[in-house]
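Report on one structure; see the data block that follows.
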Number of protein chains: 2
Amino acid sequence: MTDKTDGMEAEPERRTRRRGSQGVTIRDVAQRAGVSLMTVSNAINGTGKMAPATRQAVLDAIAELGFAPNTAARSLAGAASLRIGFLHAKVNNGFLGAMLIGALQAASLNGAQLLVRGVNSGDVASLAEAIASLRDNGARGLILSPPYAEMLALLPAPGPMLPVAVVAAGSAMPGLVTVRVDDRLAMRQLTTRLLEQGHRRIGFITGPAGHTSSAARLQGYREALAAFGVVADDDLVMPGTFHFHSAMPAARTLLERTAPPSAIVASNDDMAAAVIAVAAQMGVPVPERLAVTGFNDEAIAQTIWPTLTTIHQPVQAMAEQALSRLINRLRGQPVEDDLVLDFALIERASTGAPADGP
Amino acid sequence: MTDKTDGMEAEPERRTRRRGSQGVTIRDVAQRAGVSLMTVSNAINGTGKMAPATRQAVLDAIAELGFAPNTAARSLAGAASLRIGFLHAKVNNGFLGAMLIGALQAASLNGAQLLVRGVNSGDVASLAEAIASLRDNGARGLILSPPYAEMLALLPAPGPMLPVAVVAAGSAMPGLVTVRVDDRLAMRQLTTRLLEQGHRRIGFITGPAGHTSSAARLQGYREALAAFGVVADDDLVMPGTFHFHSAMPAARTLLERTAPPSAIVASNDDMAAAVIAVAAQMGVPVPERLAVTGFNDEAIAQTIWPTLTTIHQPVQAMAEQALSRLINRLRGQPVEDDLVLDFALIERASTGAPADGP
DNA sequence: CTGAAAGCGCTTACAG
DNA sequence: CTGAAAGCGCTTACAG
């Protein structure tokens with residue numbers, strides 16, 4: 001265990017050509033465990049039935065040798081060499097990193113190859129071009145984040161569209177693999193929390209109409225109000241676009257009403273940050289005079305002051321699941337279209353009971 | 001060109017076993033160009049001298065067929081199957097995504113395999129564990145972002161350390177591959193811009209002492225003042241840690257001085273965001289009464305209001321270069337330790353001339 | 001339940 | 001300047 005150098009007998013002169021392969025291979029494991037290559041492969045992949053003792057012997061050998069399968073060999077050999085396109089917006093947000101980590105993990109696990117391409121956000125031509133290039137390079141499926149899934153419908157000639165998986169979709173989308181949280185339920189719980197704290201006039205800033213999650217979130221907000229017997233006041237619902245700037249006039253309008261809300265629910269974190277900025281400009285203390293909530297739990301939720309009460313989505317796990325499912329589907333296995341993962345309501349400093357009490 | 005289905009003659013029954021390989025392979029290209037596999041490979045990799053006509057024929061065939069090399073096969077076959085560990089903090093910032101995209105691209109280009117691991121930030125034990133696991137899995141080099149490079153020195157038993165590349169290092173680091181922008185020069189230019197606009201009392205919030213870039217940025221600030229003949233006032237320099245929260249008391253202290261600064265230079269964007277938050281709380285309008293600058297051009301720079309004047313680092317290109325260089329070094333080619341890329345000074349809404357004029 | 005053989009798509013020495 | 005052969009490390013049918 002402690003002696004890493006055991007087994008280092010004088011090597012019979014290595015095969016003459018090519019690199020001296022520096023890693024532990026399946027062959028070393030087989031030798032150590034006293035079985036064939038095949039059996040090691042079986043033990044690793046859990047296929048077929050094996051004698052538990054054999055499997056254990058292999059697993060032990062793997063542990064002792066610190067063996068990790070070479071993903072290149074694996075994907076080359078496997079029914080695998082499957083290429084999947086990953087489209088990302090050329091913007092700098094935390095979502096991208098988490099999605100990539102998750103997708104990379106699933107790709108490595110499944111021996112697939114990820115082809116990563118940037119797309120100018122909002123640019124349909126750029127999207128079409130990226131998809132065409134991806135297809136030319138052998139991509140047989142696509143993994144997308146939300147804005148792009150909705151843009152798919154806008155493409156000139158969908159033609160023989162590739163199978164698509166959508167991460168953080170707002171709702172199930174017919175024919176596509178979707179992995180998401182329940183936006184409606186999450187927003188309902190978030191709003192309910194504010195109601196429990198005594199808030200009754202609660203403003204809402206929506207996402208863009210085209211986004212599937214916009215409607216789901218608005219509905220969750222309304223359901224929470226209804227469940228508490230609070231009459232919905234349409235003057236308290238303002239349109240937004242998910243962009244920071246869109247929420248500034250919305251927040252200002254809400255706060256300048258004769259009867260301003262004691263809380264504002266924004267449909268994402270960026271817009272919540274804008275609400276906080278406007279409140280600061282207007283001298284309205286958060287959370288004392290105004291509670292504010294976001295959605296997504298992006299980096300800004302913890303970077304702004306006060307930190308944001310928001311809904312956390314497990315982006316990395318979502319991407320991992322989305323890619324695994326897409327791969328399974330491409331390999332002909334039956335997979336359900338829609339997977340809903342758990343979200344978490346995270347309470348931070350931007351909320352509290354209203355100053356004038358419940 | 002327009003007919004994607006040409007060349008689809010009745011296929012001679014495919015090799016019986018295994019998947020019908022669905023992509024265009026080097027073999028198809030060779031056939032189309034009327035050369036051997038070898039020659040195609042040569043044309044692709046630009047090795048050796050080829051008859052220009054031959055090369056062109058191959059390139060044409062590649063274009064016509066839309067061929068893209070299978071990276072799995074490539075890395076498996078190449079002297080390549082090189083594994084590099086990529087360590088990332090388990091935090092949600094834009095840096096990670098950009099770094100991953102860049103590293104992925106370089107890995108794919110060079111036929112290397114990236115082993116991605118998360119590390120609890122600030123946790124030396126977690127870092128040591130990740131490195132050990134990476135090494136066991138055959139990693140022969142490491143690519144790191146700044147906080148980790150500095151932590152390397154703290155590891156209990158550096159032992160036979162792996163070669164390391166550092167992205168966005170604050171300065172050259174002996175023995176490590178570093179890719180960075182000139183932090184000192186960037187901060188000097190940023191500060192100079194404020195001086196040109198008429199600011200004379202300029203506050204500064206530093207980064208943590210352990211970070212190599214902290215000192216470089218502070219020096220750049222001081223050089224700019226000196227070049228303008230402005231006497232440095234140590235009361236205007238406050239310590240920070242790069243974290244949002246650390247900058248709040250610092251900003252408050254600066255703004256409460258009898259002669260408060262008309263501008264505050266923060267050593268990164270998060271801290272600049274904190275300065276803006278404090279200014280809003282104190283009723284100091286930005287940029288009218290207070291100019292604020294950041295550093296890094298992370299997502300928050302465009303999400304906050306007013307948007308931040310800051311220094312843009314080409315993170316993706318930096319990661320790409322860092323990984324390429326590390327790979328070259330591992331392959332025994334001579335590479336220089338330190339690469340300095342260009343930064344960009346980005347002026348947004350958080351700066352302007354001081355209200356009381358130059 | 002286990003193994004010998006063929007093959008994934010490419011690159012590397014080495015001959016011509 | 002170009003090509004035939006071997007090999008990278010693994011998995012997939014197929015026999016035992």
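Here D:dG7 presents its P atom at 17 Å from CG of B:Leu37, a figure rounded to the nearest Å. Between B:Asn42 atom CG and C:dC14 atom P there is a gap of 16 Å when expressed in whole angstrom units. When the C1' atom of C:dG9 is taken as reference, atom CD1 of B:Ile62 falls 14 Å away, rounded to whole Å. When the P atom of C:dT11 is taken as reference, atom CZ of B:Arg27 falls 14 Å away, rounded to whole Å. The CD-C1' distance, from B:Gln31 to C:dG9, rounds to 15 Å in whole Å. In this structure, B:Ile26 atom CD1 and C:dG9 atom C1' are separated by 8 Å, rounded to whole Å. Separating the CD atom of A:Gln56 from the C1' atom of C:dT2 is a distance of 18 Å, rounded to the nearest angstrom. Regarding A:Met38, its CE atom lies at a distance of 12 Å from the C1' atom of D:dA15, rounded to whole Å.
At least one donor-acceptor pair under 3.5 Å links the side chain of A:Ser126 to the backbone N or O of A:Asn120. Checked by atom type and distance alone, the side chain of B:Arg140 never pairs as donor or acceptor with a backbone atom of B:Arg83 at under 3.5 Å. Within the 3.5 Å criterion, the main-chain N or O of A:Leu37 finds no donor-acceptor partner in the side chain of A:Ser41.
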Watson-Crick and G-U pairing of DNA chain D, under 3.5 Å, as dot-bracket with | and [ ]: |||.||||||||.|||
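Checking the phosphate oxygens (OP1, OP2) of C:dT2, no side-chain nitrogen or oxygen of A:Thr39 falls inside 4.0 Å. One finds no side-chain N or O of B:Ser36 lying less than 4.0 angstrom from the OP1 or OP2 phosphate oxygen of D:dT2.
Taken from CD in A:Gln31 to CD1 in A:Ile26, the straight-line distance is 13.0 Å, to the nearest 0.5 Å.
Considering only side-chain atoms of B:Ser41, the nucleotide from C:dT12, C:dG9, C:dG3 that sits closest is C:dT12. You'll find that the side chain of B:Thr25 is closest to C:dC10, out of C:dC10, C:dT2, D:dT12. Listed nucleotides D:dT2, C:dT2, D:dC10 differ in distance to B:Thr54; the shortest reach to its side chain belongs to D:dT2.
Using a 4.5 Å cut-off on side-chain heavy atoms (C-beta onward), B:Gln316 and B:Gln105 make contact.
Salt-bridge formation is not detected for the pair A:Asp337/A:Arg325: no Lys NZ or Arg NE/NH1/NH2 atom is positioned less than 4.0 Å from an Asp or Glu carboxylate oxygen.
With sequence neighbours excluded, the residues forming a side-chain contact (heavy atoms from CB on, under 4.5 Å) with A:Leu127 are A:Leu87, A:Val119, A:Ile131, A:Tyr148, A:Met151, A:Leu152, A:Leu155, listed by chain and number.
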